[in-house]
Amino acid sequence: MTHPSAYQLSRQFNEMRRFATLLLPCIYSLSTPFLAGSFHMAPNNNLHLRSRAVHNKKQRLAATSSIEEQGTDSDILLDASTLKNAANSSITNDDDGINNINNINNRTVTILQRGPNHIIALKPPAVVCHHSGWAGSRSAAKRGEEPEIPMLQRVRDALHDIDTRGLAEDDAKPPIRKVNLVHRLDRGASGALLLTYAEGYGSDVDSDGDDSYDSDGSEKGDTAQLIEAMASPESIKTYVALVRGEGILRGENLREKGWFNVSRPIKDEGGEEKDATTSFKFVAGQPETGFDRPRISLVLARPKDGRWHQIRRHLNGLSHPILGDSTHGHSKTNGIWKRERNLPGERIALHLGRLELVPTENIPEGISVQAPLADDMLEMLRVYAPDVLEKSLPVLEEEGILVEAKEQYQVGGYNIPEALQEPKVFDDGDVDILEESEHYVIVNKPPVVVVHHSAWTGKRSDPKRRWNQNIPMLQRVRDKTGRRVNLVHRLDRGASGCLLLTFAENNEDENGERTPCKITKTLIESMQSPQSAKTYIALCDGDGSWNGVNHLEKGWFAFDNPVKDEHGKLVEDARTDLRFVASTVLPPMDDGSAASTTGDDKNDNNNDDNTEGRKVSIVLARPHTGRWHQIRQHLASGAIGHAILGDSSHGRSRTNRIWKKKRRMRKERTCLHLCRVRLPEGTEYSPGGIDVTCPLAPDMVKMLKAMPVEFLEEARPILAEEGIEI
């Protein structure tokens, strides 16, 4: 009889343990039906600790309900557990949805301290402080979660929510005040975030900018003063970090050293090396004694400088990387914590627990604030390192770190812009065939898709190639029909509509070289004949009149101003027939957004006097020549003055931004659609001619349906003549 090896026994034990982990929640939920669906157990946790977590989640749900019951008649003041749970609502991966990011009730911001010149908010993990070049979480986008709202916008909206709470609908509401960041926290970190009010109400100061000086330039503003105060050697920022390791480095017990300095140069994002010093105190740690007791230490950190990832890099240099640090940490350890110990995927176990700043001119009393330890970090300690937590409590209290909130704070809600809540447009690479014959195929080109690769998309070997672009139309049609195809004409990337292609011939001359495709050549000549017609529909910026000329009264008219080619050279021979179908001035937007409440008439389109972003015309166009951007240049010319909406090359950038932000125009869209193609009879490959219409793209239909009914009714009869339905 052979006995199993120790390795085999270990595997069998682990399998039994995992099976028990999966079975226990089911048994528990059957015995307590009211918890069914709410029980979430980390592998290998004991039942008592996780039951307490379930109880905490029930408290969170009750707290959320109490917020709803209070309505908007008074400020919401939350206590310890409610506060921290609200702060952590955006990162938990529980299945019950209580703290899930998609739960609208969790769109709140906790204000730890607020004065006339500054605000300190509790930043949750997995939230950026401001928009930047960093692209954000791809995995979150794939999961279909809410768009990420940075702390700048959250705090701005939360303050406005608190200030307007209790006001009647007809009461005058104060404008939304913009805020500036004094410092930043990494996306995965949490804790106290210091901000100031931007100078003035509803000013045109960029929300990421700095109000370093007052309008007369004589003195520094609040932001500049607090930045200087934070850089002072007497100011202290105390972070709490959970790190991998027990506090032993090459035989030396770091826990016995008290506070000690690490001075090591750090390279910034640009690669320049700069001096950096950080004070550390290893409070408590434990060695690994099993899955339930991993190697972990609690460390306090006080950076003397504000270098890029300073604390994270210095701790990694001490061989004690922060848990969850994907840049400077230990990937294998992070993977175990994320897969089996429920560490959120975009969490770094770093928390700014206390902020002490020296007095400034505008804040003579200085700033001292404590941010309660994040609930997820506290739960990690309770479940996997209870002894470390117990040993740390006296030291944390001595250093002024708040483990549990002991006072009440204001909490305000923030909004997600309506444009960001729209479902993302996912392209599966398929193509709709409008007409197909033995020699050609006509397909419906969607917007934001190139017809073929070019210098714009880049070569395959080019590392800067736009790999994120959708599949080109040539490849789509080839894959759909199973045959090689050639383009007869092109459409701009942002445009949509009919696209005519021919099936390529496999002709070779006597030398074995491929000869030009006769079908393609014939249909190109047919499209260039005077009897052919390509009818486009465009949504343009304008009300139908320009320089005293009412284009609506002219019917079809020819326009033959010169246009420029790709290289800027003027081309004289360019003619387009135009017809203005209908025009209107849309009512002001009243969407409750920041722009609609700033009171800054020159910066929005929410008042009757400002018509920017509100004029729109439906225009039909038939080009007789095929010049570069011919229709777009003619409509945007000084004689017509009606640039196509979304045209980034020839249109108005501010108007385009308004339409994208407030009127649901798709990004990178040029509102131009080839709705009908007619080619004459008599060619060898199209003896009966071609007459194909293409329905409007869904995004343009959506834009039109949001416009006044009278405007659409005026346009429908004329568009119907061209086979266009709206």
Side-chain angles (χ1 to χ4, degrees), residues 445-452 454-456 473 487 489-499 527-528 533-544 546-547 549 551 556-581 583 612-613 615-660 663 665-677 694 696-697 699-700 703-704 722 724:
K445 176 194 172 298
V448 199
V449 177
V450 294
V451 292
H452 60 79
S454 64
W456 184 85
M473 293 303 297
L487 286 167
H489 67 111
R490 288 188 291 267
L491 290 175
D492 295 334
R493 177 175 176 269
S496 57
C498 297
L499 186 66
M527 184 167 281
Q528 293 174 347
K534 291 188 296 181
T535 305
Y536 292 79
I537 181 173
L539 299 182
C540 299
D541 173 29
D543 59 3
W546 185 254
N547 289 337
V549 178
H551 297 303
W556 283 101
F557 64 94
F559 188 77
D560 57 3
N561 277 22
V563 297
K564 292 182 179 180
D565 63 11
E566 302 95 312
H567 309 292
K569 183 179 178 181
L570 206 63
V571 179
E572 296 287 344
D573 184 18
R575 177 188 167 189
T576 307
D577 289 344
L578 300 173
R579 180 171 185 177
F580 280 69
V581 177
S583 300
E612 186 171 17
K615 298 177 181 179
V616 61
S617 294
I618 298 176
V619 181
L620 296 178
R622 289 179 183 155
H624 289 267
T625 48
R627 307 307 178 197
W628 179 70
H629 292 185
Q630 178 174 317
I631 299 175
R632 295 163 61 178
Q633 291 192 65
H634 275 170
L635 285 170
S637 67
I640 302 295
H642 282 68
I644 298 175
L645 294 175
D647 189 344
S648 59
S649 300
H650 314 287
R652 302 176 182 89
S653 58
R654 185 177 183 86
T655 300
N656 291 337
R657 285 197 300 270
I658 293 173
W659 276 88
K660 290 172 184 176
R663 299 194 183 273
M665 184 172 70
R666 183 175 174 180
K667 290 183 179 180
E668 301 181 313
R669 172 56 145 143
T670 304
C671 292
L672 181 66
H673 179 87
L674 178 51
C675 56
R676 189 175 184 180
V677 173
C694 180
L696 274 179
D699 64 311
M700 287 183 67
M703 291 174 64
L704 286 169
E722 300 296 334
I724 305 171

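In this chain, residues are counted from 1 in sequence order.
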How many angstroms lie between [atom1] in [X] and [atom2] in [Y], if you round to the nearest 0.5 Å?
X	Y	atom1	atom2	value
M473	K445	CE	NZ	7.0 Å
K667	S648	NZ	OG	14.0 Å
D541	D647	CG	CG	11.0 Å
T670	L491	OG1	CG	11.0 Å
L696	I537	CG	CD1	5.0 Å
R490	H452	CZ	NE2	4.5 Å

Sequence-distant partners of [X], side-chain hydrogen bond (donor to acceptor under 3.5 Å, both in side chains), two or more places apart:
X	result
T576	Q630, H634
D573	R627
D543	none
H624	D577

Residue pair [X] / [Y]: nearest heavy atoms and the distance that separates them:
X	Y	result
A697	P447	CB-CD, 4.4 Å
N656	G646	OD1-N, 2.8 Å
C694	C498	CB-SG, 3.3 Å
G494	R669	O-NH1, 3.0 Å
S496	H673	OG-ND1, 2.8 Å

query: Taking atom CZ of R579 as the centre, does the number of heavy atoms from other residues, nucleotides or ligands within less than 6.0 Å exceed 12?
result: yes

- request: Using the side-chain contact (heavy atoms from CB on, under 4.5 Å) rule, take L620 and W556 through it: C-alpha gap first, then chi angles, then the decisive distance, then the call.
  value: CA-CA 9 Å; L620 296 178; W556 283 101; 3.7 Å; yes

What I'd like to find out is whether the side chain of [X] reaches to under 4.5 Å of the side chain of [Y], using heavy atoms alone.
X	Y	result
D492	H629	yes
K615	C540	no
I640	V619	no
L487	L499	yes

- prompt: Can you pull the salt bridge (charged side-chain N to carboxylate O under 4.0 Å, His left out) pairs that have at least one residue in residues 617-626, sequence neighbours excluded?
  reply: R622-E722

- prompt: Is R666 paired with D699 through a side-chain N to carboxylate O contact shorter than 4.0 Å?
  reply: no

- request: Could you check M665 against M703 for side-chain contact (heavy atoms from CB on, under 4.5 Å), going step by step and ending with a plain yes or no?
  value: CA-CA 7 Å; M665 184 172 70; M703 291 174 64; 4.0 Å; yes

- line: Between L539 and the options I644, L704, L672, the side-chain contact (heavy atoms from CB on, under 4.5 Å) test singles out L704

Taking [Y]'s backbone N and O only, do any of them form a donor-acceptor pair with [X]'s side chain (distance below 3.5 Å, no angle check)?
X	Y	value
R663	G613	yes
Q633	W628	yes
R493	V449	no

task: Check the angle between the aromatic planes of F580 and H551 and answer parallel, tilted or perpendicular using the 30° and 60° thresholds.
output: parallel

- prompt: Between C671 and W659, does a side-chain contact (heavy atoms from CB on, under 4.5 Å) hold up when you go through it step by step?
  reply: CA-CA 11 Å; C671 292; W659 276 88; over 6 Å; no

message: So, using salt bridge (Lys or Arg N to Asp or Glu O under 4.0 Å) as the criterion, who are the partners of R657 when residues are at least two apart?
response: none

task: Apply side-chain contact (heavy atoms from CB on, under 4.5 Å) to K534 and H489, showing your working.
output: CA-CA 11 Å; K534 291 188 296 181; H489 67 111; 4.3 Å; yes

